[in-house]
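Working notes, structure below.
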Amino acid sequence: MKKILLLATGGTIACKPTENGLSPMLSSDELLSYIPAARELCSIDTIQLMNIDSTNMHPDCWLQIAETIKDLYEQYDGFVIAHGTDTMAYTAAALSYLIQNSPKPIVLTGSQRPIGTDMTDAAINLYDSLRYACFDEGSGVVVVFGGKVIMGTRARKMNTKSYDAFSSINYPVVAMIHDRGIVQYIQPVPKDAIVSFYLNMDSHIFVLKLIPGVSADILKAAASFYDAFVLESYGVGGIPEGPKYDFHEAIEYLIQKDKTIVLTTQAIFEGSDISVYHSGHVAKKEFGVLEAYDMTLEATVTKLMWILGQTKNPKKIRAMFNQTIASDMLSQSF
Ligand code: ASP
């Protein structure tokens, strides 16, 4: 029988009603008591790492999760992390950078309704996650939700209420979980890979969502607090230019201060290509801003946190950012 470690962190799956709304209260062992069939599937140990609404998730918690898995990696065949759905995509992306090339599956799951309610997706999601954690071909950091297995770097919460909450963005799903079996299309990590752990992050990342009329003043004002700036632009990507906008001056200011600047897009699908229009082309050519291409915002932000936790050297940052990790971006060398 395979040995699986269940790490519980809270989220709706563990919630109970209180007079001030749902609050995570169930322990990891209580979660398991709702799926007795799991005991026939595998042997399960549990650890309650925290019990929080994932709105309160913090990069320190990601390091705690990664460190726990590192310490216990040799003792288990797979890991399941029960987590709130709201920031699950951030945690999944962060763990994809902190734990690279894991031949053992590291599965994040949660639910839209608490496990103790009559109508819930919780029991099936938790059970499916354990099934993928036991699956011989399973590997890598993935999200299991609504019958889909999604790369940790590609998950995005797309629906706030329905059970089909997560989608795989700009990348196929890894596998589908059916009642009679798992159909895997993509092997996230080869089974003979050697895992690497990283336990440093720099969380000083600022994200600015552009809207027509936005001023770049905030970027200069934030320069003393942040090491990297992500500009969520429009379409394939551009930086506002012309007499009403002050972005070029602000970008020059940030570059002089050795800040990393990444341009991404508010459009969820297909990614950036900032060389297409003058407004983006200039920013890339003159200022050398990086672009996120087809990466999710969650992956872009957590990749920067991971990179800046390893180096502050602009050349190395650029090289590491442009390198594909855990299928986070399609190779740009076409
Ligand atoms: N607010 C909850 C959380 O993210 C939502 C959920 O788990 O579905 O913890």
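Everything numeric in this text was worked out from a predicted model, so none of it was measured. Counting convention: from 1, in listed order, for ligands and their atoms alike. Just so you know, these numbers use all the heavy atoms, side chains as well, and skip hydrogens, waters and symmetry mates. Counting from 1, the numbers follow the sequence of the chain as shown.
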Should [X] be counted as touching ligand 1, given the test is an N or O pair under 3.5 Å?
X      : result
Ser54  : yes
Thr55  : no
Thr87  : no
Ser111 : yes

Inset, instruction - Ignoring hydrogens and angles, state whether a donor on the side chain of Gln48 or Ser27 is under 3.5 Å from an acceptor on the partner side chain. - result: no

Inset, instruction - For ligand 1, note which part of Pro24 has a heavy atom under 4.0 Å away: side chain, backbone, both or neither. - result: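 The answer is neither; Pro24 stays 4.0 Å or more away.
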
For [atom], what's the nearest protein heavy atom and its distance?
atom                   : value
atom 6 (C) of ligand 1 : Thr12 OG1, 2.6 Å
atom 1 (N) of ligand 1 : Asp86 OD2, 2.7 Å
atom 8 (O) of ligand 1 : Thr85 OG1, 2.5 Å

Would you kindly check if the NZ (Lys) or CZ (Arg) of [X] is within the cone defined by 45 degrees around the ring axis of [Y] and under 6.0 Å from the six-membered ring centre?
X      : Y      : answer
Lys284 : Phe287 : no
Lys104 : Tyr73  : yes
Lys3   : Tyr76  : yes
Lys259 : Phe229 : no

Legend entry - Numbered atoms and elements of ligand 1 in range of Gly11, under 4.0 angstrom, heavy atoms: 7 (O), 9 (O)

Legend entry - Thr153 side-chain N/O to Ala326 backbone N/O, donor-acceptor pair under 3.5 Å: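 Checked: pair present.
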
Inset, instruction - Decide whether Ile81 and Ile44 are clustered together by the hydrophobic rule: side chain heavy atoms of Ile, Leu, Val, Met, Phe, Trp, Tyr closer than 4.5 Å, transitively. - result: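 As far as the 4.5 Å side-chain criterion goes, Ile44 and Ile81 are connected within one cluster.
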
Inset, instruction - Check whether any heavy atom of Gly10 sits under 4.0 Å from an atom of ligand 1. - result: no

